[in-house]
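Here is the structure we will look at, set down as structure tokens.
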Amino acid sequence: MITEAVREVREFSRRAGIDKKRILVLFSGGKDSSLTLYLLRKAGLNVSALTFFHRWSWKEPLRWAMGFTRELGVEHYLVDITDGLLREVAGRKGPVCINCKKVMLWNAKWFALNNGFDVLAKGDNANDKIIGALLDQCEGDIRLCGLPKMGIPFFRPLIKYTAEEVEALAEEAGIRPYRMYEHSRRRQWREGCPLQYIDREEIVTPALMDLAYRVNVEVSRLARKRRVRMSVRVPSFEVMCWGCDGEILREVREIISKFGGDEGEASTRKT
């Protein structure tokens, strides 16, 4: 499968006229963006990686991502968006992720244009395709979108692969990103950062962002140890877990109590 995927990327890039252009991959260190970077590199394209981070980002996946690009021999840029994220989200209701993606997208555009890149690449797969979304307003093959509003085309080499096919390709390529064992919104390994666990109707503040990070760092350590998927919303301290038993829930409530959560009143979504 992986050989065929590399061949498809190589042939498509030639047909689309991007095989000689400089391509910048929006690289989170997750499975989709890692596979995208891997395929473009193996296809012989002129590719670099761009990773955004902020004060509340997971530290371990970032270190893994840096090692991955080093092994691939790919130039890797790291950009701190803490200040821009704070300007965009503080004082607004959640979820933070929508506004964070906006910050990253526009920073990626200007970083690419100011540093001589011709194409931005993303790891979207077929399960990510939402009708009406910006990158679905494409004419012709949806793998390459020339968006006048953005001023730079987007290349999505995985957009015709399902999440399950991406999993299989990544496994064949030996791509195994560092996991924080987050609960996530779906059973697939879809991890982000602790800020996604701020309760939806809360007004976002730096103090609440700090709390989401500190609580979930400790919870993730327990989740990795117990091999379950678990996260905690704040400030409600709702526990979300795939596969937790009573003993694990007792342990996580002990963690919550250190941050002001009531062990007896914290709700639990056990799935």
Side-chain angles (χ1 to χ4, degrees), residues 5-6 8-54 57 61-85 97 100-125 128-129 133-138 140-161 166 169-170 173 175 177 192-193:
V6 169
E8 286 186 4
V9 166
R10 185 183 298 116
E11 291 184 356
F12 177 79
S13 66
R14 287 174 181 165
R15 292 197 306 272
I18 60 173
D19 56 319
K20 304 300 182 188
K21 297 184 180 295
R22 295 185 71 205
I23 302 173
L24 184 64
V25 175
L26 302 186
F27 177 54
S28 68
K31 191 162 285 188
D32 292 359
S33 62
S34 298
L35 180 60
T36 296
L37 193 62
Y38 177 92
L39 292 177
L40 270 56
R41 177 64 169 167
K42 295 299 181 182
L45 302 181
N46 185 356
V47 61
S48 299
L50 173 63
T51 299
F52 293 113
F53 68 96
H54 49 71
S57 298
L62 181 58
R63 286 195 288 268
W64 181 89
M66 293 168 68
F68 182 73
T69 53
R70 190 163 50 247
E71 289 179 8
L72 280 181
V74 169
E75 188 174 47
H76 190 180
Y77 299 94
L78 304 176
V79 176
D80 186 345
I81 59 167
T82 298
D83 291 343
L85 180 61
C97 299
C100 186
K101 287 177 181 176
K102 185 191 304 182
V103 171
M104 289 192 289
L105 187 62
W106 289 102
N107 271 277
K109 167 190 172 176
W110 291 112
F111 185 93
L113 293 176
N114 289 332
N115 289 280
F117 288 96
D118 307 295
V119 180
L120 284 171
K122 292 177 90 269
D124 297 346
N125 64 53
D128 297 319
K129 222 168 75 59
L134 175 65
L135 290 178
D136 287 321
Q137 309 305 309
C138 305
D141 196 309
I142 62 174
R143 284 175 287 186
L144 186 66
C145 297
L147 301 172
K149 184 177 179 181
M150 289 298 296
I152 187 168
F154 274 84
F155 182 25
R156 298 185 291 171
L158 303 182
I159 196 64
K160 295 188 177 183
Y161 292 98
V166 169
L169 283 165
I175 298 172
C193 88

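- Checked against side-chain contact (heavy atoms from CB on, under 4.5 Å), V103 has the following partners two or more places apart in sequence or in another chain: I81, E88, N107.
- Legend: residues meeting side-chain contact (heavy atoms from CB on, under 4.5 Å) with A170, ordered by chain and number and at least two apart, are K31, I175.
- Residues K160 and D141 meet the side-chain proximity criterion, which asks for heavy atoms closer than 4.5 Å.
- Here the closest heavy-atom approach between residue T69 and residue M66 is recorded as OG1-O, 3.0 Å.
- Considering only heavy atoms from C-beta on, R10 stays 4.5 Å or farther from D19 through its side chain.
- Taking all atoms of both residues into account, the shortest heavy-atom contact from S34 to W64 is OG-CZ3, 3.5 Å.
- Contact check for V9 versus L45: side-chain heavy atoms found under the 4.5 Å cut-off.
- Side-chain contact check for L78 versus L62: some heavy-atom pair is nearer than 4.5 Å.
- By the ring-ring contact (aromatic ring centres under 6.0 Å, His included) test, Y161 is found to be paired with no residue, residues two or more places apart in sequence or in another chain being considered.
- Taking the side chain as every heavy atom from C-beta outward, F155 and T36 never approach each other to under 4.5 Å.
- Legend: residues meeting side-chain contact (heavy atoms from CB on, under 4.5 Å) with A65, ordered by chain and number and at least two apart, are F27, H76.
- R22 meets the side-chain contact (heavy atoms from CB on, under 4.5 Å) test with N46, E75, Y77, F117, D118; sequence neighbours excluded.
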Point to revise | Residues F111, L26; criterion side chain to side chain contact (heavy atoms under 4.5 Å, CB included); working and verdict | key: CA-CA 11 Å; F111 185 93; L26 302 186; over 6 Å; no
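- Scanning all heavy atoms of the two residues, the minimum distance from L37 to S48 falls at CD1-O, 4.1 Å.
- In terms of modelled atom types and a separation under 3.5 Å, the side chain of R41 and the main chain of G73 share a donor-acceptor contact.
- Partners of Y38 according to the ring-ring contact (aromatic ring centres under 6.0 Å, His included) rule, which considers only residues two or more places apart in sequence or in another chain, do not exist here.
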